[in-house]
Amino acid sequence: MIVIDPMVGYPALPVLRSRGIPFVTSERDPSHGGADPLVTADDETGTLLVLDHLAQDGRTVGLLCIPPMNAFAIDTLAAYDRWCLERARPPRHRQSRQAHR
């Protein structure tokens, strides 16, 4: 089974684990210790590269994201906050009210 981008509290993963059903996730399970097999991109490094590119000309860079309900959103928000802190920039981020429509 392939599980795409599990969210916090995703109910299927505990069931798969308890039944011994093999699975792989496309991102880490943010509710679990990270022992599951996964295939993922380096979201943190990608975020930092994009932020550096956007800020090249001294522009203010903001972040609009979904609430931190999956590993991608959690890692992207953390990378953005750290990037702002390391560059003495005020973080400017907003979370959308809904993850999707």
Side-chain angles (χ1 to χ4, degrees):
M1 171 133 341
I2 300 170
V3 180
I4 304 298
D5 216 9
M7 295 186 203
V8 172
Y10 189 61
L13 294 178
V15 172
L16 294 172
R17 286 183 202 108
S18 69
R19 293 184 180 176
I21 298 171
F23 68 93
V24 64
T25 64
S26 66
E27 286 286 347
R28 74 180 191 289
D29 176 4
S31 301
H32 191 63
D36 298 326
L38 68 108
V39 176
T40 186
D42 186 349
D43 298 327
E44 181 178 339
T45 298
T47 299
L48 296 175
L49 289 170
V50 167
L51 292 170
D52 284 340
H53 173 75
L54 292 173
Q56 282 179 349
D57 298 327
R59 291 177 280 188
T60 299
V61 181
L63 177 69
L64 175 64
C65 65
I66 63 172
M69 62 178 53
N70 60 30
F72 176 77
I74 291 167
D75 294 347
T76 300
L77 185 56
Y80 175 75
D81 284 342
R82 191 177 77 251
W83 181 85
C84 289
L85 181 66
E86 290 172 355
R87 287 156 183 78
R89 291 175 173 244
R92 298 169 187 256
H93 52 74
R94 295 267 193 264
Q95 292 179 16
S96 62
R97 296 188 191 277
Q98 291 181 298
H100 43 82
R101 289 186 167 248

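The shown structure was predicted, so the numbers you read here are calculated from the model rather than taken from an experiment.
- Qualifying side chain to side chain donor-acceptor pair (under 3.5 Å) partners for Asp43, counting only residues two or more places apart in sequence or in other chains: none.
- Checked against side chain to side chain donor-acceptor pair (under 3.5 Å), Asp42 has the following partners two or more places apart in sequence or in another chain: Thr45.
- Summarising the local packing, OH of Tyr10 is surrounded by 12 or fewer heavy atoms from other residues, nucleotides or ligands at distances under 6.0 Å.
- Sparse packing is recorded around CZ of Arg92, with 12 or fewer heavy atoms of other residues, nucleotides or ligands lying under 6.0 Å away.
- By the criterion of side-chain heavy atoms lying less than 4.5 angstrom apart, applied directly or through intervening Ile, Leu, Val, Met, Phe, Trp or Tyr residues, Leu51 is grouped together with Leu63 in one hydrophobic cluster.
- Within the 4.5 Å cutoff, side-chain heavy atoms of Ile2 are placed close to those of Ile4.
- A distance of 11.5 Å separates OG1 of Thr60 from CG of Leu54, quoted to the nearest 0.5 Å.
- For Leu64, the CG atom sits in a packed shell: over 12 heavy atoms of surrounding residues, nucleotides or ligands are nearer than 6.0 Å.
- Formation of a donor-acceptor pair under 3.5 Å by the Asp29 side chain with backbone atoms of Ser31 is found in this model.
- A 6.0 Å sphere centred on CZ of Arg59 holds more than 12 heavy atoms belonging to other residues, nucleotides or ligands.
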* **CA sep, side-chain torsions, deciding dist, call: Thr76, Glu44, side chain to side chain contact (heavy atoms under 4.5 Å, CB included)** => CA-CA 6 Å; Thr76 300; Glu44 181 178 339; over 6 Å; no
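- Judged purely by atom type and a 3.5 angstrom limit, Ser18 uses its side chain to pair as donor or acceptor with the backbone of Val15.
- By the 4.5 Å heavy-atom criterion applied to side chains, Met1 and Leu13 are not counted as neighbours.
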* To do: Kindly determine whether Thr40 and Phe72 satisfy side chain to side chain contact (heavy atoms under 4.5 Å, CB included), including the steps that lead there.
  => CA-CA 10 Å; Thr40 186; Phe72 176 77; over 6 Å; no
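- By the rule that hydrophobic residues join a cluster once side-chain heavy atoms approach within less than 4.5 Å of another member, Leu77 and Val61 end up as members of one cluster.
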* **Evaluation steps, side chain to side chain contact (heavy atoms under 4.5 Å, CB included), between Val8 and Asn70** => CA-CA 6 Å; Val8 172; Asn70 60 30; over 6 Å; no
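- Although no hydrogens or angles enter the test, the distance criterion places no donor-acceptor pair under 3.5 Å between the side chain of Thr25 and the main chain of Val3.
- If you take CD on Glu27 and CD1 on Ile74, they are separated by 10.0 Å, rounding to the nearest 0.5 Å.
- No side-chain donor-acceptor contact under 3.5 Å links Tyr80 to the backbone of Leu48.
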